[in-house]
Trainee: 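One structure coming up, written as structure tokens, with questions to follow.
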Amino acid sequence: MAKFNKISIPSDGEKIKFEEGKLIIPDNPIIAFIEGDGTGPDIWHAAKMVFDEVVEHAYKGRKKIAWMEIFAGEKALKVYGKNKWLPEETVEAIKEFTVAIKGPLTTPVGGGIRSLNVALRQILDLFACVRPVKYYSGVPSPMKRPQDLNIILFRENTEDVYSGIEFKSGTKDSEDLIKYINKKFQKKIRIPSGVGIKPISQFGTSRLVKKAIEYARDNKRKSVTLVHKGNIMKFTEGAFKEWGYEVAKTEFRDLIVTEDELWSQYGGKLPDGKILIKDRIADSMFQQLLLRPSEYEVVATPNLNGDYLSDAAAAQVGGLGIAPGGNMSYSTAIFEATHGTAPKYAGLDKVNPGSLILSGAMMLEYIGLGKAAKLIENALKKTIKSKIVTYDFARLMKGATEVKTSEFGKAIIQNMSK
Ligand code: NAP
């Protein structure tokens, strides 16, 4: 095992390994965690308490997580010193120990790093951002039937306008680039303009869409929808759609039916056991999720569409306070609270830990502790249904009992045994 400077490897745990395409999970897996900034420590303490209790409850001491703290964000500055927002050994530890969970991190203002989250995703090539979105009864929602939405979103995480290739308006670089494009391709970009580059590759698209179809297959979901803006951006978003269908047809031919084939060969009725592959233009998809949410199950999309769509979908079922997420490559995965650090509430034991707790449930499922994940979900459902909630839900619910972050965690634990 690697030797780290500031990271203590727990002696009572074993490493999760990735061999021949599979995770090998010991009974006492070491899981790396980043507490997070702002309200991060508040929600992490509540969430960890829930994770430890639920694993004990589900496996009666046969399994136990060995937590290993690693550092990023403001805490890393304290531990490692100036400008060390994302220490190298943090990245090394995630690579070596395969699975991590994190609270929200402050985005450094100025300096070389745009966002620690984007940096982690790019350095570790976590190409899929996975966001399940579903409704928990009792959660205040703006929709009449929020329960009709139950999707899992696979957002490509490494390409598109997020690849950071941008040139500021008025600089020599942007001017040189514009002049080159205008001359070489007879275009008329104004000078000065800011310019960004939007790369989308077949490699990046195929591995993302493949992961989405595999998920649909393994979880008995009936459709995968490719969301793109290919009517306008033909060679990037349009190519995403084409390559998406291509990987579906070449790698999953016996399992999938495309929407064209559904009508030309099956009279509009999906045969049992098959997965329907369809596509929607991004703007249409926003209204579809509002108007016909039950027609969608798994969604695969390029980076920017996915960013908008996942927050909009989360808002439909009651907001980001409880929306979970994970960022994954083939082997490595980081599960995370999807909201920010909410710094004005830091240390007040006030905010909703639901997002981190449900991200932890995703993580437990990922490492084969599905029984514990189900227990968390059921207990959280019961807690919200009984109107024991943090301030964010309490202000929107009639007759709610407002509790602190830690009390919400304890209420979930109590509801596990009910
Ligand atoms: P934010 O931290 O998400 O907070 C915005 C508002 O969302 C809060 O004021 C609060 O609303 C609500 N909120 C957030 N988390 C909540 C929770 N757990 N429970 C209940 N309500 C919650 O967004 P921000 O203020 O724009 O960003 C603050 C910092 O976080 C920035 O440095 C940003 O870059 C960073 N950030 C990090 C991540 C990440 O690490 N994944 C993601 C986004 C932003 P009310 O005011 O209505 O109570």
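Order of appearance sets the numbers: ligands from 1, and atoms from 1 within every ligand.
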Trainee: Would K350 count as a contact of ligand 1 if the rule is a heavy atom under 4.0 Å away?
Mentor: no
Trainee: Below 4.0 Å from any atom of ligand 1, is there a heavy atom belonging to E74?
Mentor: no
Trainee: Looking at Y345, which atoms of ligand 1 are within less than 4.0 Å of one of its heavy atoms?
Mentor: 45 (P), 46 (O), 48 (O)
Trainee: Can you label the angle between the Y391 ring and the Y345 ring as parallel, tilted or perpendicular, going by 30° and 60°?
Mentor: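 Y391 and Y345: tilted rings.
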Trainee: Indicate, as side chain, backbone, both or neither, the part of N352 found under 4.0 angstrom from ligand 1 when only non-hydrogen atoms are considered.
Mentor: both
Trainee: Which option wins on minimum heavy-atom distance to atom 42 (C) of ligand 1: H339, K344, K102?
Mentor: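 It is H339 whose heavy atom sits nearest to atom 42 (C) of ligand 1.
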Trainee: Count the heavy atoms belonging to other residues, nucleotides or ligands that lie under 6.0 Å from NZ of K374, then report whether that count exceeds 12.
Mentor: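 No, the 6.0 Å shell around NZ holds no more than 12 heavy atoms from other groups.
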Trainee: Could you check whether atom 47 (O) of ligand 1 has a protein contact, counting only heavy atoms that fall below 4.0 angstrom?
Mentor: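 Looking at atom 47 (O) of ligand 1, one finds that a protein heavy atom does lie closer than 4.0 Å.
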Trainee: Give the numbers and elements of all ligand 1 atoms closer than 4.0 Å to a heavy atom of L105.
Mentor: 35 (C), 36 (N), 37 (C), 39 (C), 40 (O)
Trainee: So, T338 side chain and A323 main chain: donor-acceptor pair closer than 3.5 Å or not?
Mentor: yes
Trainee: Which atoms of ligand 1 sit under 4.0 Å from any heavy atom of T341?
Mentor: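 Answer, ordered by atom number: 2 (O), 28 (C), 29 (C), 30 (O).
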Trainee: Using the six-membered ring wherever Trp is involved, compare the ring planes of F97 and F4 and label them parallel, tilted or perpendicular (cut-offs 30° and 60°).
Mentor: tilted
Trainee: Classify the contact between D392 and ligand 1 as side chain, backbone, both or neither, using a heavy-atom distance cut-off of under 4.0 Å.
Mentor: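 The part of D392 near ligand 1 is the side chain, not the backbone.
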Trainee: Answer yes or no for atom 24 (P) of ligand 1: protein heavy atom present at a distance under 4.0 Å?
Mentor: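 Answer no: nothing from the protein, no heavy atom, is under 4.0 Å.
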Trainee: Ignoring hydrogens, just give me the one of G340, G103, G325 whose non-hydrogen atom is nearest atom 44 (C) of ligand 1.
Mentor: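 Heavy atom nearest to atom 44 (C) of ligand 1 belongs to G340.
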Trainee: Among the heavy atoms of I43, does any lie under 4.0 Å from an atom of ligand 1?
Mentor: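 Contact absent.
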Trainee: Is atom 6 (C) of ligand 1 in close reach of the protein, with a heavy atom under 4.0 Å away?
Mentor: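 Flag for atom 6 (C) of ligand 1 set to false, no protein heavy atom closer than 4.0 Å.
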Trainee: Anything under 30° is parallel, anything over 60° is perpendicular, the rest tilted; go ahead and classify Y215 against F154.
Mentor: tilted
Trainee: Is the NZ or CZ atom of R121 positioned over Y162's six-membered ring, under 6.0 angstrom from the centre and within 45° of the axis?
Mentor: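 Not flagged: R121 not positioned over aromatic ring of Y162.
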Trainee: For atom 2 (O) of ligand 1, is some protein heavy-atom partner under 4.0 Å away?
Mentor: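 Protein heavy atoms within 4.0 Å of atom 2 (O) of ligand 1 - there is at least one.
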Trainee: Is there a heavy atom of A337 sitting under 4.0 angstrom from any atom of ligand 1?
Mentor: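 The answer is yes, since A337 has a heavy atom less than 4.0 Å from ligand 1.
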Trainee: Give the single entry among N117, L116, T107 that approaches atom 40 (O) of ligand 1 most closely by any heavy atom.
Mentor: N117
Trainee: For ligand 1, which atoms sit closer than 4.0 Å to a heavy atom of T106?
Mentor: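 Result: 32 (O).
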Trainee: So for ligand 1, is A342 a polar contact partner (N or O within less than 3.5 Å, distance only)?
Mentor: yes
Trainee: When you look for heavy atoms under 4.0 Å from ligand 1, do you find them on the side chain of S115, its backbone, both, or neither?
Mentor: neither
Trainee: Go through the side-chain N and O atoms of D173 and T171 and say whether any donor and acceptor fall under 3.5 Å apart.
Mentor: no
Trainee: Within ligand 1, which atoms have a heavy atom of V351 less than 4.0 Å away?
Mentor: 17 (C), 18 (N), 19 (N)
